[in-house]
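These notes are about the structure you will find just below.
Remember, it's 1-based here, ligands and their atoms both numbered in the order they're listed.
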Amino acid sequence: MLNNTEFFTVRVAAKLALTPEIAQFELVATSGQTLPPFAAGAHIEVQLPGGLQRSYSLCNAPSENHRYQLGVLHDTNSRGGSQAMHTQVALGDVLHISAPRNHFPLAARARRSLLLAGGIGITPMLSMAWQLAADAVPFELHYCTRSSAQAAFAPMLEQTPYRERVHLHVDDGAAAQKINLAALLNTPETDVHVYVCGPQGFINAVMTTARAAGWLESQLHMELFNAEVISAEEDAAFEVEIASSGQVVKVAAQQTVVQALALAGIDVQISCEQGICGTCLTRVVSGTPVHRDQYLTPEEQAANDQFTPCCSRASSARLVIDLGPI
Ligand code: FES
């Protein structure tokens, strides 16, 4: 069994264009061994050409241990990650990846699950659907895309044993097939869980509708793809001090903490650079962060003892941070 705490090498065993914008990758261990196991909703970090690192959800059945499948959208607003996957990663290439990590697990003992996917947000839902089907837990998978041509995984879903649980909703189709969130989420039920993944607008629509209908926060689970990177005109410069060394680094108004530290020769591991994944999570010893992430809960943010330096800032003149492991 491979070590599941470190990066290891895999080979691209298949790369398939599902649509002009979405490619499916199949990764296998270069060692010929089985891959570290994963649970539904998990993702891996992939190190890409050019020093980038990005996280991608695993979309195959968690029972499979011979491959990881990823679905990657070639985002025209890409900061390099999806572009590198599409244009620089080829069949047979060797990639360094992390063991699977999971910030979006299925709730234990759910009586029924509603999986709501917007666009490429379908990817973690696929592994969830495989797991729920294997566990014989009732579920519905609602897959929403702008057009049927963009429903990259629809043909594959039609071949699955759980195809009757899948509902495809396309924006350019007949009114009757469009998703009706108010009707779908109308009645909160005990032990039923709702999972949503996709762009911010889609998640906001689902969460707003569900909360208005009275669903409990503990029943609602979300994973964001492509957060809006918040920057504000009034962003001010501040300093960060490294607790272990006392080194002080100035962060300019238009710089992120990660960028300022990198210029000072201090590397912080990053992935999404949007406050989604938590890879850069750093302990705060003193000072007051301004949280701009979607990763920490409101309670965790209010504690002000950790922050995401890829996007979050400080309202105090200085933030003392501890770069040791959290
Ligand atoms: Fe993902 Fe900072 S790199 S939260």
| query | Strictly by modelled atom types, are Glu26 and Asn60 linked by a side-chain donor-acceptor pair under 3.5 Å? | reply | no
| message | Is Cys277 close enough to atom 1 (Fe) of ligand 1 that one of its N, O or S atoms comes in under 2.8 Å? | response | yes
Compare all side-chain heavy atoms of [X] with those of [Y] and state whether any distance is below 4.5 angstrom.
X	Y	result
Ser312	Pro289	no
Arg211	Leu220	yes
Glu64	Trp130	no

| task | Quick one: look at Gln274 and ligand 1, take heavy-atom pairs under 4.0 Å, and tell me if it's side chain, backbone, both or neither. | result | neither
| Under 2.8 Å from atom 2 (Fe) of ligand 1, is there an N/O/S atom belonging to Cys310? | yes
| task | Please determine if atom 2 (Fe) of ligand 1 has an N/O/S atom from Cys280 lying under 2.8 Å away. | result | yes
Provide the number and element of each atom of ligand 1 under 4.0 Å from a heavy atom of [X].
X	answer
Gly275	4 (S)
Ser271	3 (S)
Ile276	4 (S)

| Exceeds 12 heavy-atom contacts within 6.0 angstrom, atom CZ of Arg146 | no
| Of all the non-hydrogen atoms in the protein, which one sits nearest to atom 4 (S) of ligand 1, and at what distance? | Gly278 N, 3.2 Å
| field | Salt-bridge criterion met for Glu239 and Lys250 (N-O under 4.0 Å) | value | yes
